[in-house]
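Every chain is numbered from 1, with letters handed out A, B, ... down the list of sequences.
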Protein chains: 2
Amino acid sequence: MGDLPRMKRRTRQHQAIYDVIVAADRPLLAQEILTLAAGAVPQLSIATVYRTIKALQETCTIKAVLLPGQNPRYEPADHSHHHYFQCRQCERVFDVGTCPGNLDNLVPSGFTLEDHEIILYGRCCECSTGQEQATRLVR
Amino acid sequence: MGDLPRMKRRTRQHQAIYDVIVAADRPLLAQEILTLAAGAVPQLSIATVYRTIKALQETCTIKAVLLPGQNPRYEPADHSHHHYFQCRQCERVFDVGTCPGNLDNLVPSGFTLEDHEIILYGRCCECSTGQEQATRLVR
DNA sequence: CTACAAATGATATCGCATTCGCAATAGCGG
DNA sequence: CCGCTATTGCGAATGCGATATCATTTGTAG
């Protein structure tokens, strides 16, 4: 898929985990990474997933995506500023490319705005159309 | 301060917890509620705080405010739709009254937008001016 | 004032995501 | 092909917010 950041040794596990995160078009939970990467390395351990996530974060290869009340998800760090959409049915989180921009007018006077986060909730494309009970999270 | 929702008995603890949440101009953590309400009921237990929070939520008197990667905060449920500003120095969370409104243009085609959340980060009024290391959370 | 049951305080316990410990496995330089 | 050691898998341990347990306290109806 691409190049791993330098770790002392190149292993099938690292490569599988990295590939899965890069190939996904959305941020993944640790458990999703495990499930998906286990396709390439069947006996993959959750401990290895966490260890690799940590290493990839330290080299700024991936970054954590935090949503209120939920476990962290991970996506490649090279994405530019963007926001997230979570489907209330399948619970998957999708990147939303655009950003409304200037939000200074929301801030009370005297406050200094440095950053912002926008999270949209609703139904994703698949879950908007069919009313079939979608498989959650991984597919 | 005001009236508590009906619980079978009226206690000093319930009243103190309710008063603190209503008097605060911002959402409070369970620990902040404990610290503040302990002013009125010194030996107040965190268990009672959690029990009362749950009861107040069930009667829709208060609601939880969830921010990414953080413990729930609580505020009166009668506030209208609004958003939040978190100070990166003192970590307190403030309500932001206004809302930019229509965000439909952010959503990919095929997706259905039902709701949204906006979280602003920066420096609050107090922490913007003085560079004194502010006491965190409760004051 | 009494009696009963709701509520409390203190602390043990749970749930669960994440990390640790360690023996076994497997990159990789030579 | 060897040998060293980074890495892995597995299961146990941890951290911590939240909840359960239970003896004691305290509203409150009567």
Side-chain angles (χ1 to χ4, degrees), chain A residues 3-21 27-35 37-59 61-74 91 93 136-138, chain B residues 3-21 27-59 61-74 91 93 137-138:
Chain A
D3 271 14
L4 258 60
R6 61 209 162 301
M7 294 184 231
K8 297 199 174 176
R9 291 177 185 178
R10 165 152 315 200
T11 67
R12 290 176 303 126
Q13 289 85 344
H14 283 171
Q15 189 71 52
I17 291 167
Y18 176 80
D19 288 353
V20 154
I21 295 171
L28 300 176
L29 296 165
Q31 286 298 335
E32 292 180 294
I33 294 170
L34 175 64
T35 302
V41 185
Q43 81 297 17
L44 183 63
S45 162
I46 188 67
T48 297
V49 171
Y50 280 115
R51 281 188 286 239
T52 306
I53 285 173
K54 178 181 273 191
L56 291 171
Q57 281 186 287
E58 283 167 358
T59 59
T61 305
I62 66 174
K63 65 174 181 179
V65 174
L66 300 177
L67 274 98
Q70 304 192 26
N71 294 331
R73 290 173 169 83
Y74 302 92
E91 295 179 16
V93 173
R136 295 211 157 183
L137 300 177
V138 178
Chain B
D3 271 15
L4 258 60
R6 63 209 160 302
M7 293 185 231
K8 298 201 173 177
R9 290 178 185 178
R10 165 152 316 201
T11 67
R12 290 176 303 127
Q13 289 85 346
H14 282 171
Q15 189 70 52
I17 290 167
Y18 176 80
D19 288 351
V20 154
I21 295 171
L28 300 176
L29 296 164
Q31 287 298 335
E32 293 179 293
I33 294 170
L34 175 63
T35 303
L36 292 169
V41 185
Q43 81 296 16
L44 183 63
S45 162
I46 188 66
T48 298
V49 172
Y50 280 116
R51 281 187 286 240
T52 306
I53 286 172
K54 178 181 272 192
L56 291 171
Q57 282 186 287
E58 284 168 357
T59 60
T61 305
I62 65 173
K63 65 174 181 181
V65 174
L66 299 176
L67 295 201
Q70 304 192 26
N71 294 333
R73 291 172 169 83
Y74 302 92
E91 297 179 13
V93 172
L137 300 177
V138 177

Task: Phosphate OP1/OP2 of C:dT8: any B:His14 side-chain N/O under 4.0 Å - done: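 Yes, such a contact exists.
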Given atom [atom1] of [X] and atom [atom2] of [N], what is their separation to the nearest angstrom?
| X | N | atom1 | atom2 | result |
| --- | --- | --- | --- | --- |
| A:Leu67 | C:dA17 | CG | C1' | 17 Å |
| A:Gln31 | C:dG15 | CD | C1' | 14 Å |
| B:Arg9 | D:dG27 | CZ | C1' | 5 Å |

- [ ] For B:Pro42, report the nucleic acid contact type (base, sugar-phosphate, nothing); a contact means any heavy atom under 4.0 Å.
- [x]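 No contact.
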Please round to the nearest 0.5 Å and tell me the distance separating atom [atom1] of [X] and atom [atom2] of [Y].
| X | Y | atom1 | atom2 | result |
| --- | --- | --- | --- | --- |
| B:Arg12 | B:Ile17 | CZ | CD1 | 11.0 Å |
| B:Ile33 | B:Tyr50 | CD1 | OH | 9.0 Å |
| A:Lys63 | A:Arg73 | NZ | CZ | 14.5 Å |

TODO: May I ask you to verify whether the side chain of A:Arg12 and the base of C:dG27 hold a donor-acceptor pair under 3.5 Å?
DONE: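 Check fails, no donor-acceptor contact within cut-off.
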- [ ] Would you mind reporting whether A:Ile53 and A:Tyr74 have side-chain heavy atoms less than 4.5 Å apart?
- [x]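 The answer is yes, as the side chains (C-beta and beyond) meet within the 4.5 Å cut-off.
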Task: Residue met sooner reading DNA chain D from 5', once B:Gln43 and B:Arg51 are mapped to nucleotides - done: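 With B:Gln43 and B:Arg51 compared, the 5'-side residue is B:Arg51.
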Task: Comparing B:Ile46 and B:Gln13 on DNA chain D - which has the more 5′ nearest nucleotide - done: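 The residue closer to the strand's 5' end, by nearest nucleotide, is B:Ile46.
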TODO: Report the nucleotide, chosen from D:dG9, D:dT7, C:dG9, that has the shortest atom-to-atom distance to any side-chain atom of B:Leu44.
DONE: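 Side chain of B:Leu44 sits closest to C:dG9.
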- [ ] Choose from D:dC10, D:dG17, C:dA6 the nucleotide whose nearest atom is closest to any side-chain atom of A:Ser45.
- [x]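 Minimum distance to the A:Ser45 side chain belongs to D:dC10.
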